[in-house]
Amino acid sequence: QEQLVESGGGLVQPGGSLRLSCTASGSIFSIGVMGWYRQAPGKQRELVAYITKGGSPNYADSVKGRFTISRDNAKNTMYLQMNSLNSEDTAVYYCNIYVVPTRRDYWGQGTQVTVSS
């Protein structure tokens with residue numbers, strides 16, 4: 001059974017930083033597109049960033065210049081470095097792997113990020 005586990009969330013002051021990690025079990029890490037989504041209370045889930053198998057990153061406009069997505073294939077782990085955090089970044093962050101050939105999505109349980117003074 002494939003599973004994704006997120007970690008690194010927490011409470012941070014505005015302007016602070018956090019690094020989220022997502023570790024995948026199973027065999028899907030190397031063949032999928034990995035990304036981070038977030039969902040704030042009462043809001044729709046939105047794509048924050050994703051990274052291709054070749055390591056090409058893509059970002060939502062709201063986080064460009066502040067967030068950095070990366071992946072370490074040897075560790076089956078994806079990271080999201082979040083800098084200059086503000087209240088708009090408060091949400092539950094979800095790790096996602098999309099396997100194109102099978103058109104299947106795999107999701108983590110989510111990790112809470114709260115930006116507050």
Side-chain angles (χ1 to χ4, degrees):
Q1 182 178 356
E2 305 289 346
Q3 61 182 46
L4 308 177
V5 180
E6 303 102 331
S7 63
L11 175 64
V12 65
Q13 295 185 94
S17 299
L18 286 173
R19 189 176 76 156
L20 306 183
S21 299
C22 172
T23 299
S25 62
S27 61
I28 62 172
F29 186 88
S30 63
I31 62 173
V33 178
M34 299 193 69
W36 289 96
Y37 288 74
R38 67 186 181 187
Q39 187 167 24
K43 304 293 185 179
Q44 296 180 338
R45 186 172 297 186
E46 63 177 349
L47 176 65
V48 177
Y50 68 92
I51 186 166
T52 66
K53 293 184 295 182
S56 180
N58 299 270
Y59 302 95
D61 288 340
S62 59
V63 306
K64 284 183 178 178
R66 299 189 297 120
F67 290 11
T68 302
I69 188 171
S70 61
R71 61 191 292 167
D72 186 336
N73 292 339
K75 296 181 178 180
N76 282 1
T77 300
M78 177 180 64
Y79 305 95
L80 185 67
Q81 178 66 46
M82 305 185 295
N83 299 325
S84 301
L85 288 163
N86 58 63
S87 61
E88 300 296 323
D89 299 314
T90 295
V92 177
Y93 284 71
Y94 297 92
C95 177
N96 169 266
I97 297 180
Y98 178 60
V99 181
V100 176
T102 60
R103 298 184 178 182
R104 291 190 62 182
D105 277 301
Y106 299 85
W107 295 92
Q109 294 299 114
T111 185
Q112 176 71 49
V113 172
T114 302
V115 184
S116 177
S117 59

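Worth knowing before you read on, the calculation uses all heavy atoms, side chains too, and leaves out hydrogens, waters and symmetry mates.
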Would M78 and V99 show up in the same hydrophobic cluster when neighbours are defined by side-chain heavy atoms closer than 4.5 Å? yes
ring-ring contact (aromatic ring centres under 6.0 Å, His included): which pairs involve residues 77-102, sequence neighbours left out? none
Side chains of residues 10-20: which donor-acceptor partners sit under 3.5 Å, not counting sequence neighbours?
unit_1: S17; atom_1: OG; unit_2: N83; atom_2: OD1; d: 2.8

Applying side-chain hydrogen bond (donor to acceptor under 3.5 Å, both in side chains), name anything that partners T77, two or more places apart in sequence or on another chain. T23
May I have the list of side-chain donor-acceptor pairs in residues 61-69 shorter than 3.5 Å, sequence neighbours left out?
unit_1: D61; atom_1: OD1; unit_2: K64; atom_2: NZ; d: 3.3
unit_1: R66; atom_1: NH1; unit_2: S84; atom_2: O; d: 3.0
unit_1: R66; atom_1: NH1; unit_2: D89; atom_2: OD2; d: 2.8
unit_1: R66; atom_1: NH2; unit_2: S62; atom_2: O; d: 2.9
unit_1: R66; atom_1: NH2; unit_2: D89; atom_2: OD1; d: 3.0

Summary of disulfide (SG to SG under 2.5 Å) pairs that have at least one residue in residues 18-117, sequence neighbours excluded: C22-C95
On a heavy-atom basis, which atom in A49 and which in L80 lie closest, and how many Å separate them? CB-CD1, 4.4 Å
Which pairs pass salt bridge (Lys or Arg N to Asp or Glu O under 4.0 Å) with one or both residues in residues 70-85, sequence neighbours excluded? none
How far apart are the closest heavy atoms of A91 and A40, and which atoms are they? CB-N, 3.8 Å
Answer with yes or no whether the hydrophobic clustering places V48 together with Y59; edges join I, L, V, M, F, W, Y residues whose side-chain heavy atoms lie under 4.5 Å apart. yes
Does anything in residues 34-58 form a ring-ring contact (aromatic ring centres under 6.0 Å, His included)? List the pairs, not counting sequence neighbours. Y37-W107
Restricting to pairs with a member in residues 102-117, which pass salt bridge (Lys or Arg N to Asp or Glu O under 4.0 Å), not counting sequence neighbours? none
Residue pairs, two or more places apart or on separate chains, that pass salt bridge (Lys or Arg N to Asp or Glu O under 4.0 Å) and touch residues 6-18: none
In chain order, what residues pass the side-chain hydrogen bond (donor to acceptor under 3.5 Å, both in side chains) check against T90, with sequence neighbours excluded? none
Spacing of CD belonging to E46 relative to CD belonging to Q39, to within rounding of 0.5 Å: 9.5 Å
Who are the side-chain hydrogen bond (donor to acceptor under 3.5 Å, both in side chains) partners of Q112, not counting sequence neighbours? T114
Any disulfide (SG to SG under 2.5 Å) pairs touching residues 31-74, not counting sequence neighbours? none
